[in-house]
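Everything below concerns the one structure shown next.
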Amino acid sequence: LFPWFLTLLMLQTLVAPEALRRVWLFFLWLVPLQLPFALVQHFVFARLPGASWDAVVGTFGGNFLRGGGSGGMAICVGFGLLLALALRRAGQIGRGLLLTVWLSGLATIALAEVKIFFLMLPVGLVLLLRRELLRHPLRALSGLLGVLLLLGAVGWVYQQVYSETLNRTRTVEGLLDYAFQAESDPYLFNPVTRELSRSGALLMWARYNDLDDHRAWLGHGPAASRESATLGQGGLTRKYPFTLTTSTASTLLWDTGLAG
């Protein structure tokens, strides 16, 4: 209930359009704020013995042994990128702030290797630019193609320079093969860290959520799957013996259901 209470409390304070604009501008700066934390987490904590693959979480809580809220960070960054683009199109921010938000956001996602982000962002762009797609389809599609090429370039450069995956495969084909096959064992479970594989996390959601139940479609509520030592645990984390936040996809399914 706390996230809903906080949201309602903020809405009560937004009595003027300028106040709402300041809130959006404040949110934009949360995206560049993630980058210095992600740099330290990636180059220091993620390289320690026993570190979780989910160690890069920005300011979203967790520890390097069990991971944390990388999914929440990806959602925040993705929303921030779309918000920056929307405000720029409305003439509310300058080009410099737009570039700052986008470059820092993409760098953060590259360090965290949240792969589902590269699916979420194009979908968000299509929804944001839906009117332009209908009015000027060629121009809008060319812009979307440019963004997709930029996302691909960011991922490719990162893998070339920093990723141990490409160092093992040495080829782009090997990288693509790894991207589709990594974490594919649905029966993988670590009883110490409560971690599942990515495919296993999705199968566990399907196992414990009946499509006849409204919670399968609408979710169990915001932050229901949260695991945080500072902000507390969500109601579901004490119910199941495995972590619910293995990936961004599993986090969204538990919190917001198929509709989310």
Go through the steps to decide whether Q92 and L25 satisfy the test side-chain contact (heavy atoms from CB on, under 4.5 Å), and finish with yes or no.
CA-CA 9 Å; Q92 297 294 317; L25 291 177; 6.0 Å; no
If you look at every heavy atom in [X] and [Y], which pair is closest and at what distance?
X    : Y    : value
I75  : M120 : CG1-CE, 4.0 Å
D210 : A216 : O-CB, 3.2 Å
L28  : G80  : CD2-O, 3.6 Å
R215 : D213 : NH2-OD2, 2.8 Å
M73  : G58  : SD-N, 3.5 Å
A259 : L218 : CB-CD2, 4.4 Å

Go through the structure and list residues passing ring pair (Phe, Tyr, Trp, His ring centres under 6.0 Å) with F27, not counting sequence neighbours.
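Per chain and number, F27 pairs via ring pair (Phe, Tyr, Trp, His ring centres under 6.0 Å) with F79.
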Rounded at 0.5 Å granularity, tell me how far [atom1] in [X] sits from [atom2] in [Y].
X    : Y    : atom1 : atom2 : value
S104 : L81  : OG    : CG    : 7.5 Å
R130 : L125 : CZ    : CG    : 12.5 Å
L111 : L106 : CG    : CG    : 11.0 Å
Y240 : W205 : OH    : CH2   : 11.0 Å
H42  : T108 : NE2   : OG1   : 12.0 Å
Y208 : H220 : OH    : NE2   : 12.0 Å

Does I109 share a hydrophobic cluster with W29, counting links as ILVMFWY side-chain heavy atoms below 4.5 Å and allowing steps through other members?
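I109 clusters together with W29.
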Examine L128 and V126 and state if one hydrophobic cluster contains both, with Ile, Leu, Val, Met, Phe, Trp and Tyr joined whenever side-chain heavy atoms are less than 4.5 Å apart.
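L128 clusters together with V126.
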Sub-4.5 Å side-chain heavy-atom contact between L121 and L82:
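In short, these two side chains touch, coming nearer than 4.5 Å.
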F45 and V56: side-chain contact (heavy atoms from CB on, under 4.5 Å), yes or no, with the steps?
CA-CA 8 Å; F45 292 103; V56 181; over 6 Å; no
Check for a donor-acceptor pair, side chain of R89 on one end and backbone N or O of A86 on the other, with a separation under 3.5 Å.
no
Is there a donor-acceptor pair under 3.5 Å between the side chain of W217 and the backbone N or O of L211?
yes
V101 and L83: side-chain contact (heavy atoms from CB on, under 4.5 Å), yes or no, with the steps?
CA-CA 10 Å; V101 172; L83 176 62; over 6 Å; no
Q34: side-chain hydrogen bond (donor to acceptor under 3.5 Å, both in side chains) partners, not counting sequence neighbours:
T59
Step by step, would you call T100 with V31 a side-chain contact (heavy atoms from CB on, under 4.5 Å)?
CA-CA 9 Å; T100 299; V31 177; over 6 Å; no
